[in-house]
Colleague: 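The structure under discussion is supplied below as structure tokens; questions concerning it will follow.
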There are 2 protein chains.
Amino acid sequence: MKKISSYKPWVETLKAFGVRLTLPRKTVLQVLADNREGLTPEEVCRLGRASHPGLGLVTVYRALELFEKLGMIRRVHSGGHCQSYSASFGDTHFVVCTRCGRVTEFPCCGLLPLFAHVRARTGYEVTGHILEITGLCPDCVKSGEN
Amino acid sequence: MKKISSYKPWVETLKAFGVRLTLPRKTVLQVLADNREGLTPEEVCRLGRASHPGLGLVTVYRALELFEKLGMIRRVHSGGHCQSYSASFGDTHFVVCTRCGRVTEFPCCGLLPLFAHVRARTGYEVTGHILEITGLCPDCVKSGEN
DNA sequence: TTTGTAACTGGAAATCTTTTTCATCTTTTA
DNA sequence: TAAAAGATGAAAAAGATTTCCAGTTACAAA
Ligand SMILES: [Mn+2]
Ligand SMILES: [Mn+2]
Ligand SMILES: [Zn+2]
Ligand SMILES: [Zn+2]
């Protein structure tokens with residue numbers, strides 16, 4: 001009664017990218033399909049060993065990295081383990097330049113309708129949020145592309 | 001010409017919370033005021049030692065934890081170092097239950113006006129975003145408070 | 001099928017990060 | 001001043017991640 005779904009929908013994605021469907025990868029995918037919560041590599045490995053005892057932690061790291069790159073899984077940030085900080089004043093969010101790393105703040109606003117929408121759709125009572133925008137800062141936009 | 005600002009605006013906050021304004025803490029604050037980018041404890045320590053050679057890494061960890069709790073600094077997630085993953089299908093975001101850890105997806109929508117606003121206000125060219133909502137899942141809402 | 005080969009695996013070791021401990025020092029309070 | 005509470009930083013311990021490498025496996029082609 002814990003099996004929420006199978007990893008089958010992902011198989012096509014893997015084939016499309018020419019990635020081999022191995023036992024360790026199947027195992028990791030099944031773990032992620034069964035457990036709808038943020039899981040660390042360690043946890044995925046422990047859970048995965050129930051069905052594939054030989055599963056190696058290193059392989060789990062590699063599989064997670066691959067699946068994220070292919071857009072099959074996504075990182076969960078709410079756990080509060082990101083060790084990267086920047087000054088902040090007031091109720092704002094960050095825009096982060098993907099080229100030079102510069103961080104700029106902008107006021108948090110206009111999200112209330114979204115929260116209402118999420119509440120109506122998922123039944124969750126919304127209490128907080130993480131919002132971060134990435135892009136190119138004015139300087140990096142000027143100085144060439146990319 | 002690197003000194004963007006002083007940490008003075010934060011001093012009142014610290015006094016208000018009855019927290020001592022020590023040399024290590026001043027140093028960490030000045031580093032954060034001078035460098036507007038995501039900094040790891042290691043980086044803060046290295047930069048801080050320019051003005052306070054004896055600064056200890058452990059103290060930096062403690063100071064960052066404290067300042068975040070007081071809302072003076074905030075985590076930057078865009079670096080992609082969060083080792084926590086969850087299955088994801090399509091262009092969605094996560095709602096994460098802060099009580100049981102359950103992760104649910106909701107479709108991404110309604111953020112374009114915000115991106116336009118950010119672009120107008122900061123001059124950044126927006127290319128991506130991280131959005132994550134925290135709250136209580138339906139089950140946890142039912143079963144008691146907190 | 002069988003085979004060849006690039007892709008993939010997992011243990012061990014190396015490396016990097018974060019937390020714990022503890023003796024000392026500093027500030028505040030009585 | 002004396003006592004208590006708060007902070008600090010070095011060292012050690014614990015944890016997390018990456019690198020190496022000798023084998024194994026999936027899969028396309030023969
Ligand atoms: Mn994060
Ligand atoms: Mn979105
Ligand atoms: Zn930039
Ligand atoms: Zn819950």
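First the proteins, then the strands, lettered A, B, ... as listed; each starts at 1.
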Colleague: Applying a 4.0 Å non-hydrogen cut-off, can you work out what B:Leu23 is touching in the nucleic acid: base, sugar-phosphate, or nothing?
Modeller: nothing
Colleague: Nearest whole angstrom, please: distance from the C1' of D:dC27 to the NZ of A:Lys26.
Modeller: 13 Å
Colleague: Checking A:His93 against A:His129: is there a side-chain donor and acceptor pair closer than 3.5 Å?
Modeller: yes
Colleague: What residue among B:Leu23, B:Asp34, B:Thr27 forms side-chain contact (heavy atoms from CB on, under 4.5 Å) with B:Ser51?
Modeller: B:Thr27
Colleague: Within this structure, what is the NE2-to-P distance between B:His52 and D:dT8, rounded to whole angstrom?
Modeller: 8 Å
Colleague: Could you give the CZ-to-C1' distance, from A:Phe17 to C:dC8, as a whole number of Å?
Modeller: 19 Å
Colleague: For B:Asp139, is there an ion pair with B:Arg99 - N to carboxylate O distance below 4.0 angstrom?
Modeller: no
Colleague: Taking the side chain as C-beta and beyond, is there a heavy-atom pair between A:His81 and A:Thr40 under 4.5 Å?
Modeller: no
Colleague: Between B:Leu21 (CG) and C:dT28 (P), how many Å, whole number?
Modeller: 10 Å
Colleague: Using a distance-only test with no angle check, is there a side-chain donor-acceptor pair under 3.5 angstrom linking B:Ser88 and B:Glu105?
Modeller: yes
Colleague: Counting side-chain heavy atoms from CB outward, which of D:dA16, C:dT20, C:dG11 is closest to B:Val58?
Modeller: C:dT20
Colleague: Quickly work out the A:Glu42 CD to D:dT18 P distance and round it to whole Å.
Modeller: 14 Å
Colleague: Show every donor-acceptor pair shorter than 3.5 Å between a side-chain atom in residues 54-69 of chain B and any protein atom, with sequence neighbours excluded, or say none if there are none.
Modeller:
from	atom 1	to	atom 2	distance (Å)
B:Glu68	OE1	B:Arg75	NE	3.4
B:Glu68	OE1	B:Arg75	NH2	3.0
B:Glu68	OE2	B:Arg75	NE	2.9

Colleague: Has the side chain of B:Arg62 got a donor or acceptor atom sitting under 3.5 Å from an opposite partner on the base of D:dG6?
Modeller: no
Colleague: Which residue lies toward the 5' end of DNA chain D, B:Leu66 or B:Arg49, if each is placed at its nearest nucleotide?
Modeller: B:Leu66
Colleague: If we count only N and O atoms by modelled type, under 3.5 Å, do the side chains of B:Glu132 and A:Ser78 hold a donor and an acceptor together?
Modeller: yes
Colleague: Closer than 4.0 Å, any side-chain N/O of B:Thr22 to the OP1 or OP2 of D:dT8?
Modeller: yes
Colleague: Calculate the interatomic distance between B:Tyr61 atom OH and D:dA10 atom C1'; express it in whole Å.
Modeller: 16 Å
Colleague: Please tell me if A:His81 has a side-chain N or O lying less than 4.0 Å from either OP1 or OP2 of D:dG15.
Modeller: no
Colleague: Do any N or O atoms of the protein come closer than 3.5 Å to N or O atoms of nucleotides 3-7 of chain C, and which pairs are they?
Modeller:
from	atom 1	to	atom 2	distance (Å)
C:dA6	N3	A:Arg20	NH2	3.2
C:dA7	O4'	A:Arg20	NH2	3.1
C:dA7	N3	A:Arg20	NH1	3.3

Colleague: In whole Å, I'd like the distance from the CG atom of B:Leu29 to the P atom of D:dA7.
Modeller: 13 Å
Colleague: What is the distance from CG of A:Leu55 to C1' of D:dT25, rounded to the nearest Å?
Modeller: 15 Å
Colleague: Taking only side-chain N and O atoms of B:Thr59, does any of them lie within less than 4.0 angstrom of OP1 or OP2 on D:dG9?
Modeller: yes
Colleague: State which of C:dG10, D:dT18, C:dT19 makes the closest approach to the side chain of A:Gln83.
Modeller: C:dT19
